[in-house]
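Note sheet for the following structure.
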Amino acid sequence: MRLNSFIHFRNCSSSASQPFFSIATHTQLTASSPCFSSLIHQCTPTKNLSDLKIVHTHLVKNGFCHLSLGHKLIDSYLKCGSMSDARRLLDEMPEPHIVSWNSVISAYASQNRSGEAVELYGRMVSEGVLPDEYTFSSVFRAFSRLGVVLEARRAHGLAVVLGLETSNVFVGSALVDMYAKLGEMRDARSVCDRVWDQDVVLLTALIVGYAQKGEDVEALEVFSDMVRKGIRPNEFTFSSTLVSCANFGDAKVGESVHGLMIKLGYVSAVASQTSLLTMYSKFGMVKESSRAFNALENPNKITWTSLIVGLIQNGKEETSLLKFRKMMRSSAKPNSFTLSSVVCACSRLAMLDTGRQIHALATKYGLDWRNYVGTALIDMYGKCGTPDQARSVFDALVEADLVSMNSMIYSYALNGCGGEALDLFYTMRDLTSLELNDMTFLGVLLACNNSGLVEEGQRIFTYLREKTDIKVSSGHYACMVDLLGRSGRLVEAEMLVNQVKNPDAVLWRTLLSACRIHRAVKMAERVWTKVLELAPGDEGTHILLSNLYASTSNWSQVIAMKSTMRDMRLKKGPAMSWVEIDREVHTFMAGDFSHPESEKILGKLGELIRKAKSLGYIPDTSFVLQDMDEDKKETSLYYHSERLAIAFALWRTSDKTTCIRVLKNLRVCGDCHTWIKFVTVAVGREIIARDSKRFHHFKNGSCSCGDYW
DNA sequence: TTAGGGTTAG
């Protein structure tokens, strides 16, 4: 059979799946060069690598190994996805044509095999083959991916010598992109200015560089220059320009770019719509943002993620989770960006069950070991009161970095695990090469604070001030003031505040609340005026002082404070507690019986109070901050929001649910704290309560905070 | 018979 008729046979054969090999070995092939060319060509569209290799073998056998067929084979191997065969062939060729070099270099560069691209480029040059415009436009990308500035500059020099830097816009834009990615914007700019025939790709590469470096004014200038010069921006240009508009922060500028986008007809392009929705989210313009999303027929995973991120940034965490579920039903599948964002939503809402579900999803997608998702999970488990689970995610990380270690320390801090936080802090400081930052110290000082480790906290604070270059923030001072103040060292705490250059209202308020705990009325009155100077309309400040007067039974002052607050139209925000059951959130306010199951809840609450009393619970009415008779005081304690939430959770869940979790927007009062301890004994269940500052883990009649909070 | 630019995160 002659080869031509063979090809015909292959095309017509109904048994097309029959391997080429079995036929070919039984066939005496006598063919000419054009026939081989045609055979090679035939293998390419179907990516039939095994057939291609057979053709290659016969080609060698028949001695048709000349240049032009060599190019075709290399090209075909690349198109069939076999880099190794293409490379082997190139290496075997005595003097490959420039096109063959370029094809392999380009394939390496576009498949993220930058090292090999650069190595091959070097070999090509050392063998005396001069690179051309195709070589440069591929290889520059590889240089920037590797971050090798010196080698990149040497190749740039060669391009200049060969006159390709300014005359070929492909080379020019590859150079601009390379310098931009290397962070060398001045070089990117000067190359761009030298290119003779500027086009949209060249200028977009420059805008991208500026936008990613946060040099937004420059990015916007290039954009407007480009429009002035009559170069039409496209989808890619808009997507980066809008990033700069968002960072620049002027909605008017953003809207005018949006206007131009509409005028030029880019209303349904995915990338530019994605940047548009991100921009509007950053401006807090949620409606415009969702309009940008809705303009797309097939949003991709980046668009979905941007939508979710935008909702979270605008405090719409619950909606973001609904959108995530919708995304999961669509064809777009989440990546690590998406998952770390939704985990963040769960951690803000403290939705442990949902967070766990997403953790499982991350494991399914094989993403849970990645630092971003991992760190988000550590944060979530920490904020949901399960530091042990945070730790197991932490231990599973391939490599813990600064942020993940900081998150772990912070999780320990929130949950009152001072010892564990300190261990990790010292490991980090003494046994790793990580450079500690302000967040590290904030976490570890908070940990000392939440565990009452005064000496340890002072030692670390001194270390921070004397041995590091980290700027001591008002947050660090606040931790120390709180730590000293709550432990009763009010004078030292006040001295520390006075050491700060311009102490802010938060710092003074921290001291004020320490005064309240220790009923230091005189200091409180002095501090109170300081807070009011800095934050005159702050309701919390008035409440603090009013509570101090109440706790010292100074009712006339309480009444005076209340009338001041009324005059200033300040109102105390309501105390609120909530629980997540079956991925649904139930909210309770003190003395509020509007829950549909209110009767059942009150029944359960009564039972819990009786049981607690039989175990020795005596209500401490000094926590009632209103002047009323004792009976009423006692009843008002019973209906605190956290008690309603606990009663509800215990009624709704079976005994098999060993642990229930309650969240509160304010701090837990002392009497509730005692009562919850009794409840854990009475029902044999564990109760975790998160207040505005930290977690309390109640178990077998005691709390993890050691009654220090 | 080969070439250049984009949007999301702890």
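Just so we're on the same page: letters track the sequence lines, and every chain starts at 1.
- Across all strands shown, A:Ser340 has heavy atoms under 4.0 Å from base atoms, whether or not it also approaches the sugar-phosphate.
- Contact annotation for A:Val208: backbone-only contact, meaning every heavy-atom pair under 4.0 Å involves sugar-phosphate atoms and none involves a base.
- Straight-line distance from the CD1 atom of A:Ile312 to the C1' atom of B:dT8: 11 Å, rounded to whole Å.
- Taken residue by residue, residues 130-140 of chain A places heavy atoms nearer than 4.0 Å to DNA chain B at A:Glu133, A:Tyr134, A:Ser137, A:Ser138.
- Here the nucleotide nearest the side chain of A:Asn102, chosen from B:dG4, B:dT2, B:dA9, is B:dT2.
- Shown for residues 155-180 of chain A: residues whose heavy atoms fall under 4.0 angstrom of DNA chain B, namely A:Asn168, A:Val169, A:Phe170, A:Ser173, A:Asp177.
- Shown here are the side-chain hydrogen bond (donor to acceptor under 3.5 Å, both in side chains) partners of A:Thr274, two or more places apart in sequence or in another chain: A:Thr303.
- Between the NZ atom of A:Lys282 and the C1' atom of B:dT7 there is a distance of 11 Å, given to the nearest Å.
- Out of B:dG5, B:dT8, B:dG10, the shortest distance to the side chain of A:Val201 is found at B:dG5.
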Side-chain donor-acceptor pairs under 3.5 Å in residues 234-247 of chain A, sequence neighbours left out?
residue	atom	partner	partner atom	Å
A:Asn234	OD1	A:Phe236	N	3.0
A:Asn234	OD1	A:Thr237	N	3.1
A:Asn234	OD1	A:Thr237	OG1	2.9
A:Glu235	OE2	A:Ala271	N	3.3
A:Thr237	OG1	A:Thr204	OG1	3.0
A:Thr237	OG1	A:Asn234	N	2.9
A:Thr237	OG1	A:Asn234	O	3.4
A:Ser239	OG	A:Phe236	O	2.8
A:Thr241	OG1	A:Thr237	O	2.7
A:Ser244	OG	A:Asp216	OD1	2.9
A:Asn247	ND2	A:Val243	O	3.4

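- We find that CZ of A:Phe293 is positioned 19 Å from P of B:dT7, with the value rounded to whole Å.
- Here B:dG10 is the nucleotide among B:dT7, B:dG10, B:dT2 with the atom lying nearest to any side-chain atom of A:Thr375.
- Among residues two or more places apart in sequence or in another chain, the side-chain hydrogen bond (donor to acceptor under 3.5 Å, both in side chains) test is passed with A:Glu127 by A:Arg123.
- Distance, A:Glu235 CD to B:dT7 C1': 9 Å, rounded to whole Å.
- A:Val343 comes within contact range of no nucleotide atom at all, as no heavy-atom separation falls under 4.0 Å.
- In this structure, A:Met380 atom CE and B:dG10 atom C1' are separated by 13 Å, rounded to whole Å.
- In the model, A:Ser103 has no side-chain atom that pairs as donor or acceptor with a side-chain atom of A:Asp75 under 3.5 Å.
- Under 3.5 Å, the side chains of A:Arg87 and A:Tyr108 contain a donor-acceptor pair of N or O atoms.
- Ring geometry for A:Phe136 against A:Phe140 counts as parallel: the plane angle stays under 30°, on a 0 to 90° scale with 60° as the upper cut.
- Listed for the A:Asn314 side chain is a donor-acceptor partner under 3.5 Å among the backbone atoms of A:Gly310.
- Interface remark: the A:Ser275 side chain does not form any donor-acceptor pair with the B:dT7 base, using a distance-only criterion of under 3.5 Å.
- The ring of A:Tyr372 does not lie on top of the base of B:dG10; it is either too far (5.5 Å or more) or too tilted (30° or more).
- No contact: A:Thr338 has no heavy atom under 4.0 Å from any strand.
- Here A:Gln273 lies out of heavy-atom contact (under 4.0 Å) with every strand.
- The ring of A:His156 has its center no closer than 6.0 angstrom to the ring center of A:Phe143.
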From CA spacing to verdict: salt bridge (charged side-chain N to carboxylate O under 4.0 Å, His left out), A:Asp85, A:Arg88: CA-CA 5 Å; A:Asp85 287 303; A:Arg88 201 175 310 125; 3.0 Å; yes

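- With hydrogens and angles left out, the side chain of A:Asn406 and the base of B:dG10 share no donor-acceptor pair within 3.5 Å.
- Minimum atom distance to the side chain of A:Ser103 is reached by B:dT2, of the listed B:dT2, B:dT8, B:dG4.
- Listed by first then second residue, pairs satisfying salt bridge (Lys or Arg N to Asp or Glu O under 4.0 Å) with a partner in residues 193-209 of chain A read A:Glu165-A:Arg194, A:Arg189-A:Asp193, not counting sequence neighbours.
- The side chain of A:Val243 has B:dT8 as its nearest neighbour among B:dT8, B:dG4, B:dT2.
- Distance from the side chain of A:Thr274 is smallest for B:dT7 among the nucleotides B:dT7, B:dG5, B:dT8.
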Worked check of ring pair (Phe, Tyr, Trp, His ring centres under 6.0 Å) between A:Tyr121 and A:Trp101: CA-CA 8 Å; A:Tyr121 166 81; A:Trp101 287 105; 9.9 Å; no

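- No engagement by A:Ile105 is indicated, since no non-hydrogen atom pair under 4.0 Å with the nucleic acid exists.
- At whole-Å resolution of the value, OH in A:Tyr266 and C1' in B:dT7 are 16 Å apart.
- Not one side-chain nitrogen or oxygen of A:Lys301 sits closer than 4.0 Å to the OP1 or OP2 atom of B:dT8.
- Nucleotide B:dT1 holds its C1' atom 7 Å from the NE2 atom of A:His71, rounded to whole Å.
- The side chain of A:Gln313 lies closest to B:dA9 when the candidates are B:dG5, B:dT1, B:dA9.
- Between the CZ atom of A:Arg348 and the P atom of B:dA9 there is a distance of 12 Å, given to the nearest Å.
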